[in-house]
Protein chains: 4
Amino acid sequence: MARLRSPEKRSAILDAAVLEIARDGLGATTARIAERAGVAAGTLFTYFASKEQLLNELYFELKSESYARMSVGFPHKVSLERRAWHIWSSYLDWAIEFPLKRKVSVQLKVSDLVTPETRERANAQGSALKVTIAELEERSIGRGLPAGFAGAAMSAMQDAALEFVSRQPKRRAELVERSFQVIWRALK
Amino acid sequence: MARLRSPEKRSAILDAAVLEIARDGLGATTARIAERAGVAAGTLFTYFASKEQLLNELYFELKSESYARMSVGFPHKVSLERRAWHIWSSYLDWAIEFPLKRKVSVQLKVSDLVTPETRERANAQGSALKVTIAELEERSIGRGLPAGFAGAAMSAMQDAALEFVSRQPKRRAELVERSFQVIWRALK
Amino acid sequence: MARLRSPEKRSAILDAAVLEIARDGLGATTARIAERAGVAAGTLFTYFASKEQLLNELYFELKSESYARMSVGFPHKVSLERRAWHIWSSYLDWAIEFPLKRKVSVQLKVSDLVTPETRERANAQGSALKVTIAELEERSIGRGLPAGFAGAAMSAMQDAALEFVSRQPKRRAELVERSFQVIWRALK
Amino acid sequence: MARLRSPEKRSAILDAAVLEIARDGLGATTARIAERAGVAAGTLFTYFASKEQLLNELYFELKSESYARMSVGFPHKVSLERRAWHIWSSYLDWAIEFPLKRKVSVQLKVSDLVTPETRERANAQGSALKVTIAELEERSIGRGLPAGFAGAAMSAMQDAALEFVSRQPKRRAELVERSFQVIWRALK
DNA sequence: GATGAATGAGGTTTCATTCAT
DNA sequence: TATGAATGAAACCTCATTCAT
């Protein structure tokens, strides 16, 4: 119930959780997570009050991490297409580099263990991208689609693209680009 | 002759599983599933050898059902766009009508409990749609995208669309149509 | 609860029980026994009221069978040593010929599932051998050993001998004879 | 440091197992064993990975204990007969003193739950007795009996003797001695 | 704070037995 | 009588969480 005596230990637990959940699903045990993190079973609970809380924090961290990646070097002053491309490619880079993190992120997203509050906190992280997303949204709305649809569509299409990149890693650069062309044609 | 294994009981168990998994995730207990199905705890195991097998069969059934819905009244001889529209709208109709079934289907898809064999068997069900999908595929391939990408993209975009339909049920018809326009523009 | 519509079926169940118990111990399931016997699970219970009763009857049958083997061709009018040798060798012949039956018989003997009544009924079968045993007993008693000791000692030594015969089947005849010499020297 | 695994608790579980198995056979439940040992059901599994393992360790401990008893005060430098007598009487003392332990030991020996590895480990304990046993063996081998037979014969005869001691406890000392005379006459 | 043994509710699955067919 | 699906108690074992050390 206390907090953060050692940030390294906290990170170790979260990293271990990714590996264990990737292997065993959300049923991954706290005991195994702790063991892989190199801490005792009980220690886990000094950093996270419960397994559910651990899972929520993990979701938040993963989302934060991917948003951070998209924000790095974000080109604020270029054309909408160039900015969309930045989002598209930098997210895919992250997802390709850390496939387990992405896998776990998806599992958590789909599950009911992650609370609405956590989802909201997580989404709030992407502030750097908001202007760009907003511009895309306006176009969508202009076509009668609800707010948020453009972002959801991009995200969905990225999931599809990732499937194929993971099967043909050598065509990675090409696939990332071509798939962007598809979504861009859809949204522009 | 003794009592025969009844298809109704099997269905009751599968239906109950949908409700319980929708509420509790894949951790839903066999005891509760059995109870909701109106059978004894042990009876569940005369119909499904294990919980894992139950889950696999459930995935298969849900996929079959959605494919069946798309196949009903499929217009084999109309334009590609009209056929794509049929698939688009009939799947969304099913998903909107049975939101829990779709939710559970997604949970199962993401999980590792569903074996590759089951996934393959399930996919093999959609034969009626193959010609149409194949035509869409050809276009994708023409643009340097791998086989299967068009189908995956449609499926991903449908997931996105569903989010919004569930939030604004009254705009259902409109949203289904507009979102089709988006994906069609992307793939055509 | 009824009885013996078909003696063949009864035998088939008992035979199947031997095989299953030899493999799985007394925890062998009635379902598997029935299956191996070629009858339905429920049928077993028209021949034996309960698993416990089946086990008791099985013990009785196995004992009867081994006693029967010892009684066949029993030489009533020869020397005590020759009669003891008949008992010794004919029992070992049976045990060597049906190792699973002997194994199961031992498991049952040691267990508490077999009631005193069954044990008594079973022992009562060996009437043909009584005169011989009685003569051996007298000698034992003469030496201050209690009634029954000679029989028990023979039986115990046979168990020991069987271990070795099963490991070196080729020396069977020799081992049977030598071990008899050992016990005979002890009891004569 | 956390609580350490306590040898007392381990012993308590093994002791409880003896009592429960003596009463209910190998089907004795882990829950009851734990309860009688005064620990929670789950605790049993921090000391023994599974019921099967518990049973194997129990067999080993019981064998060790009886070997230990035979080794105490073992007279290495007296005649073979005197040494054999020591083994004979000290084992019977142990078996008479702890009839349930002996009963359970027999049940385990007969069952297939005890692995060959455990049996071997258990037998390896009796090293102090090896010289004596070896001398007895030589005599047996001299008479054409296989190695190990003398030990098996003694053991078998002890089982027989125990039956009678348990029925007539008052004649204990006498029966132990007389039965030794029987086996000694057989083996000398 | 860190540890890991202890807890005990609860999970999946088995199985002897019953009973509708 | 024979069948085998149905039953539900109970078995073994797991695991999130607590707490003595």
Side-chain angles (χ1 to χ4, degrees), chain A residues 1-6 9 24 27-35 38-55, chain B residues 1-6 9-10 24 27-35 38-54, chain C residues 1-6 9 24 27-35 38-55, chain D residues 1-6 9-10 24 27-35 38-54:
Chain A
M1 292 134 200
R3 257 306 129 72
L4 313 178
R5 208 54 181 173
S6 152
K9 234 162 242 184
D24 296 342
T29 70
T30 55
R32 284 260 277 268
I33 292 169
E35 187 187 6
V39 300
T43 302
L44 187 150
F45 292 92
T46 69
Y47 288 86
F48 305 94
S50 68
K51 185 182 178 183
E52 193 176 337
Q53 197 151 115
L54 164 60
L55 262 23
Chain B
M1 337 275 149
R3 244 168 302 180
L4 294 175
R5 235 183 302 185
S6 87
K9 224 160 261 186
R10 200 188 113 96
D24 295 342
T29 70
T30 55
R32 286 260 275 269
I33 292 169
E35 189 185 6
V39 300
T43 301
L44 186 150
F45 293 92
T46 69
Y47 287 86
F48 305 95
S50 66
K51 185 183 178 184
E52 193 176 336
Q53 197 151 114
L54 164 61
Chain C
M1 293 140 198
R3 259 305 128 73
L4 313 178
R5 210 51 182 172
S6 150
K9 233 163 245 185
D24 295 342
T29 69
T30 55
R32 285 259 276 270
I33 292 170
E35 188 187 7
V39 301
T43 301
L44 186 151
F45 291 91
T46 68
Y47 288 85
F48 304 95
S50 67
K51 185 184 178 181
E52 194 176 336
Q53 196 151 115
L54 164 60
L55 261 25
Chain D
M1 333 275 147
R3 243 169 304 182
L4 295 176
R5 235 183 301 186
S6 87
K9 225 160 258 183
R10 199 187 113 97
D24 295 342
T29 70
T30 55
R32 286 258 276 267
I33 292 169
E35 188 186 6
V39 300
T43 301
L44 187 150
F45 294 94
T46 70
Y47 288 85
F48 305 94
S50 67
K51 185 184 178 182
E52 193 176 337
Q53 198 151 115
L54 164 60

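Here the structure is a predicted model, which is why all the values come from computation and not from measurement. Every chain is numbered from 1 and lettered A, B, ... according to where its sequence line falls, protein lines coming before strand lines. These numbers come from the heavy atoms of this one structure, side chains and all, not from hydrogens, waters or symmetry mates.
- B:Leu4 places its CG atom 8 Å from the C1' atom of E:dT21, with the value rounded to the nearest Å.
- When the nearest nucleotides of DNA chain E are assigned to B:Arg32 and A:Ala41 by heavy-atom distance, the more 5′-ward of the two goes with A:Ala41.
- Counting to the nearest Å, the C1' atom of E:dT3 and the CD atom of A:Glu35 are 14 Å from each other.
- Annotation: of the two residues near DNA chain F, B:Val39 and A:Ser50, the 5′-most nearest-nucleotide partner is B:Val39.
- Rounded to whole Å, atom P of E:dT12 lies 15 Å from atom CD of B:Gln53.
- In this structure, of F:dT7, E:dT3, E:dT18, it is E:dT3 that holds the atom nearest to the side chain of A:Ala40.
- Nearest heavy-atom pair across A:Phe45 and A:Lys51 is CE2-N, 4.2 Å.
- Remark: A:Thr43 is in phosphate contact with E:dT3, judged by side-chain N or O atoms under 4.0 Å from OP1 or OP2.
- Residue D:Arg32 places its CZ atom among 12 or fewer non-hydrogen atoms of other residues, nucleotides or ligands, all under 6.0 Å distant.
- Interatomic distance, B:Thr30 OG1 to B:Leu54 CG, rounded to the nearest 0.5 Å: 8.5 Å.
- Of the side-chain N and O atoms in A:Lys9, none sit less than 4.0 angstrom from OP1 or OP2 of E:dG1.
- The CG-C1' distance, from B:Asp24 to E:dG11, rounds to 13 Å in whole Å.
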Could you spell out the base pairing of DNA chain F in dot-bracket, with Watson-Crick or G-U pairs whose two distances are under 3.5 Å, [ ] crossing and | to another strand? .||||||||||||||||||||
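- Toward the 5′ end of DNA chain E lies the nearest nucleotide of B:Gly27, the other residue of the pair C:Lys51 and B:Gly27 mapping further downstream.
- Annotation: the span from A:Leu55 atom CG to A:Ile33 atom CD1 amounts to 7.0 Å, rounded to 0.5 Å.
- When every heavy atom of B:Thr46 is checked against every heavy atom of B:Arg5, the shortest pair comes out as O-NH1, 2.8 Å.
- Between the CZ atom of B:Arg5 and the P atom of E:dT21 there is a distance of 17 Å, rounded to whole Å.
- Looking at which nucleotide of DNA chain F each of C:Gly42 and B:Gly38 is closest to, the 5′-most match is held by C:Gly42.
- Rounding to whole angstrom units, CZ of residue B:Phe48 and P of E:dT12 are separated by 15 Å.
- Within 4.0 Å (heavy atoms only), B:Ser6 reaches no atom of the nucleic acid at all.
- Side-chain proximity of C:Phe45 to the nucleotides E:dT18, E:dT13, F:dC13 is greatest for E:dT18.
- Of the candidates F:dT17, F:dA5, F:dT14, the closest approach to any side-chain atom of A:Thr30 belongs to F:dT17.
- The phosphate of F:dA6 has OP1 or OP2 within less than 4.0 Å of a side-chain N or O from B:Tyr47.
- No engagement by D:Ala49 is indicated, since no non-hydrogen atom pair under 4.0 Å with the nucleic acid exists.
- Distance D:Leu54 CG to F:dA11 C1': 15 Å, rounded to the nearest Å.
- Between B:Thr46 and F:dA5 there is no side-chain N or O to OP1 or OP2 distance below 4.0 Å.
- The shortest non-hydrogen separation linking A:Ala34 to A:Ala41 is CB-CA, 3.9 Å.
- Nucleic acid contact class of D:Ala34 (heavy atoms, under 4.0 Å, all strands): none.
- In this structure, A:Glu52 atom CD and F:dC15 atom P are separated by 18 Å, rounded to whole Å.
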